[in-house]
Number of protein chains: 2
Amino acid sequence: MSQTVDRALSILPLLAQGPADLGQVAERLGVHKSTALRLLRTLHEHGLVYRQQDQRYRLGARLFALAQEAVENLDVREIAHPHLVELNESCGHTVHLAVYEEQEVLYIDKVESRYPVRMYSRIGKPVAITVAAVAKLLLADLSEPERRAVAEKLDYPMYTSRSTPNAGAFLKELTVVREQGWATDLGGHEESINCVGAPIRGADGRVVAAMSVSAPNVVVTAEELLTLLPLVRRTADSISREYSGTTRPKKA
Amino acid sequence: MSQTVDRALSILPLLAQGPADLGQVAERLGVHKSTALRLLRTLHEHGLVYRQQDQRYRLGARLFALAQEAVENLDVREIAHPHLVELNESCGHTVHLAVYEEQEVLYIDKVESRYPVRMYSRIGKPVAITVAAVAKLLLADLSEPERRAVAEKLDYPMYTSRSTPNAGAFLKELTVVREQGWATDLGGHEESINCVGAPIRGADGRVVAAMSVSAPNVVVTAEELLTLLPLVRRTADSISREYSGTTRPKKA
DNA sequence: ATGGGTGTTGCACATGATGCAACGACGACT
DNA sequence: AGTCGTCGTTGCATCATGTGCAACACCCAT
């Protein structure tokens with residue numbers, strides 16, 4: 001809508017692919033060098049873009065700070081976190097929390113049991129939307145036309161032989177998930193990893209987030225993991241209750 | 001430099017403090033509502049801003065994705081990570097990696113030993129620049145006038161009684177660090193926590209990053225932690241060598 | 001019904017963004 | 001050493017673009 005801003009913002013994803021010099025930016029934006037320069041300078045002033053020694057531009061530090069603050073302001077996360085930790089302590093597996101936004105599902109919290117894995121490598125990263133348990137839960141709550149629209153637009157990469165193959169299968173799965181109120185991912189993303197998840201609902205009953213427990217085959221079988229389902233659902237419900245309590249419903 | 005973009009970008013930190021509605025944004029920007037609307041729409045199209053059910057705006061998901069990709073493109077981090085893990089395994093303490101950028105020092109990697117702490121609460125967050133070992137290392141490498149300029153501009157919060165009290169003390173400390181090639185933070189940020197750090201240098205000898213090992217008093221005394229210094233320095237040097245090898249020096 | 005509070009649209013104006021061309025700095029190549 | 005080529009930078013004239021206004025549409029509360 002605003003051409004100037006539009007152009008400026010287009011620089012960010014461009015630089016996300018790697019550093020670029022002024023000429024490259026101008027070219028890929030389709031504008032004159034001087035224009036690109038001014039945009040970059042403005043981005044620079046706001047710390048979104050950084051100029052390294054070789055004069056090339058790359059994404060800047062303020063982006064982290066912003067993403068940081070953004071995630072910390074999500075009240076669902078705030079409320080859910082202690083519950084996630086508790087669940088993790090009682091079952092020992094990895095626990096995820098995710099939300100849906102603009103056709104994307106992304107993790108906003110994670111509690112990992114054993115290894116001190118680089119957690120940020122996941123947080124913020126888009127989830128494998130067609131197979132993850134949390135993704136199914138979040139999408140299942142959309143209205144039927146919305147679900148259909150999203151399902152059509154998605155790609156269906158076959159991570160494994162048990163990945164969701166196409167839109168039809170996905171919609172069907174969503175219907176099941178919607179009715180049963182929980183979801184699984186049995187080796188659909190990585191052959192040896194299974195997940196069980198449950199939805200977190202706001203005061204109006206709509207799904208605002210989803211959580212899941214993941215564990216590799218080598219630790220527990222899928223059947224064993226499924227025995228955790230009641231516990232997962234209880235946890236999700238606790239979070240829902242607490243969240244509904246603090247949040248004053250704006251809608252009917 | 002570009003007024004429109006400048007205004008648009010000013011919205012981001014504003015929203016970082018919490019969701020806001022159109023009126024609030026317009027007011028705090030000092031522009032007409034319709035202007036704010038157009039800016040927000042543009043930000044929205046790029047996914048940097050999200051509109052929640054109550055119509056208020058908050059920071060959007062793409063921000064994470066961008067911050068994500070940004071950090072993953074830092075080649076120092078890529079190279080350093082395995083070394084950090086190794087160091088962590090041999091000493092058991094928390095290991096940090098940080099860089100300097102635009103008068104700020106920020107963590108870009110962290111390996112934590114025991115607890116599955118919410119690691120992202122730190123990564124990307126600005127470091128306590130006047131006391132942290134890594135901050136001293138990074139700033140010590142600046143030219144003398146730069147150091148002075150930065151030191152003057154900083155605040156010197158007294159986190160503890162051993163925090164760096166003022167610019168003079170800080171500059172003095174930087175000189176020491178510069179000469180000895182390593183740095184410590186002995187309870188300067190949190191009373192019970194000590195750190196030892198060493199610089200990582202590029203092919204041209206300039207400090208490109210800094211790493212440190214941190215441990216609370218209750219686990220090891222400061223003296224014991226200092227015995228790790230040789231190991232920390234060796235690790236930093238290994239990273240430096242590897243980084244210098246892969247990076248083709250652009251400057252003399 | 002009525003009022004105040006939102007968010008939204010269309011439009012006339014001029015501000016501010018644009019591309020050009022010329023300059024300067026630096027390195028490379030001969 | 002000299003010259004060419006590349007890249008970033010600047011000032012400027014043009015007019016496309018962003019701007020604020022005022023009116024409208026909407027929702028909720030009274």
Side-chain angles (χ1 to χ4, degrees), chain A residues 1-12 14-15 17-60 101-102 202-204 206 247-252, chain B residues 1-12 14-15 18-60 101-102 143 202-204 206 247-252:
Chain A
M1 292 263 144
S2 167
Q3 188 185 73
T4 318
V5 178
D6 186 46
R7 285 174 172 171
L9 297 182
S10 302
I11 293 178
L12 299 179
L14 194 154
L15 289 184
Q17 300 171 42
D21 63 31
L22 178 61
Q24 296 169 334
V25 172
E27 188 192 6
R28 302 186 58 178
L29 267 189
V31 300
H32 195 270
K33 281 188 305 177
S34 59
T35 306
L37 180 66
R38 221 144 19 82
L39 297 178
L40 281 165
R41 280 226 255 256
T42 312
L43 289 169
H44 179 89
E45 273 178 18
H46 286 258
L48 299 184
V49 141
Y50 177 68
R51 191 153 204 193
Q52 31 188 35
Q53 293 86 339
D54 61 357
Q55 299 231 92
R56 294 191 305 166
Y57 294 90
R58 62 168 175 74
L59 295 181
E101 179 180 323
E102 312 273 339
D204 54 3
R206 300 226 35 197
T247 209
R248 42 262 167 258
K250 301 271 179 181
K251 304 283 172 186
Chain B
M1 292 259 145
S2 167
Q3 188 185 76
T4 318
V5 177
D6 186 47
R7 285 173 171 173
L9 297 182
S10 302
I11 294 178
L12 298 178
L14 194 153
L15 289 184
D21 63 31
L22 179 61
Q24 296 169 334
V25 172
E27 187 193 5
R28 301 186 60 176
L29 268 189
V31 300
H32 196 268
K33 279 189 305 177
S34 58
T35 306
L37 179 65
R38 225 148 11 86
L39 296 177
L40 281 165
R41 280 227 256 257
T42 312
L43 289 168
H44 180 88
E45 274 178 18
H46 286 259
L48 299 183
V49 141
Y50 177 68
R51 191 152 203 193
Q52 32 188 35
Q53 293 87 336
D54 61 357
Q55 299 232 89
R56 293 191 304 166
Y57 293 91
R58 61 168 177 73
L59 295 180
E101 179 180 323
E102 311 274 340
S143 70
D204 54 4
R206 299 225 36 197
T247 210
R248 42 263 166 259
K250 301 271 180 184
K251 304 283 173 187

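Residue numbers start from 1 in every chain, and the chains themselves are labelled A, B, ... in the order their sequence lines are given, proteins ahead of strands.
Rounded to whole Å, the distance from CD on B:Gln3 to C1' on D:dG18 is 9 Å. Rounded to whole Å, the distance from CD1 on B:Ile11 to C1' on D:dG18 is 14 Å. Rounded to whole Å, atom P of C:dT6 lies 10 Å from atom CD of B:Glu27. In this structure, CG of B:Leu37 is placed 13 Å from C1' of D:dT19, rounded to the nearest angstrom. When the C1' atom of C:dC20 is taken as reference, atom NZ of A:Lys33 falls 11 Å away, rounded to whole Å. At whole-Å resolution of the value, CG in A:Leu40 and P in D:dC7 are 15 Å apart. Going from atom CG of B:Leu43 over to atom P of D:dG18 covers 13 Å, rounded to whole Å. Per the geometry, CE belonging to B:Met1 stands 11 Å off C1' belonging to D:dT9, to the nearest Å.
Counting heavy-atom neighbours within 6.0 Å of A:Glu45 CD, excluding the residue itself, gives a total above 12. More than 12 heavy-atom neighbours from other residues, nucleotides or ligands sit within 6.0 angstrom of CD on A:Glu102.
When the side-chain nitrogen and oxygen atoms of A:Thr4 are compared with OP1 and OP2 of C:dA17, none of them lie within a distance under 4.0 Å. Side-chain nitrogen and oxygen atoms of A:Thr35 include none within less than 4.0 Å of the OP1 or OP2 phosphate oxygen of C:dA17. Dashed line: the shortest gap from a side-chain N or O of A:Arg38 to OP1 or OP2 of C:dT18 is under 4.0 Å. Phosphate proximity of C:dG7 to B:Gln55: absent, as no side-chain N or O sits under 4.0 Å from OP1 or OP2.
Along DNA chain C, the nucleotide nearest A:Ala36 and the nucleotide nearest B:Gly23 are compared for position; the residue whose nucleotide lies closer to the 5' end is B:Gly23. Between A:Gln24 and A:Val5, the residue anchored closer to the 5' end of DNA chain D is A:Gln24, taking for each the nucleotide with the nearest heavy atom.
Of the candidate nucleotides C:dG7, C:dG19, D:dT17, C:dG19 has the atom nearest to the side chain of A:Ser34. Taking only side-chain atoms of B:His32, from C-beta outward, the nucleotide of C:dG7, C:dG19, D:dC21 with the closest atom is D:dC21. Comparing C:dT8, D:dT9, D:dG20 by their nearest atom to the side chain of B:Arg7 picks out D:dG20. Side-chain proximity of A:Arg51 to the nucleotides C:dT8, D:dT9, C:dA17 is greatest for D:dT9. Taking the side chain of B:Arg41 as heavy atoms from C-beta on, and the options D:dT10, C:dA17, C:dT8, the nearest nucleotide is C:dT8.
The side chain to side chain contact (heavy atoms under 4.5 Å, CB included) test with B:Thr42 singles out one residue from A:Gln3, A:Arg7, A:Met1, and that residue is A:Met1.
Side-chain contact between A:Arg58 and A:Leu15 is absent, with no heavy atoms from C-beta onward closer than 4.5 Å.
Salt bridge status for B:Arg206 with B:Asp204: absent, with no side-chain N to carboxylate O gap under 4.0 Å.
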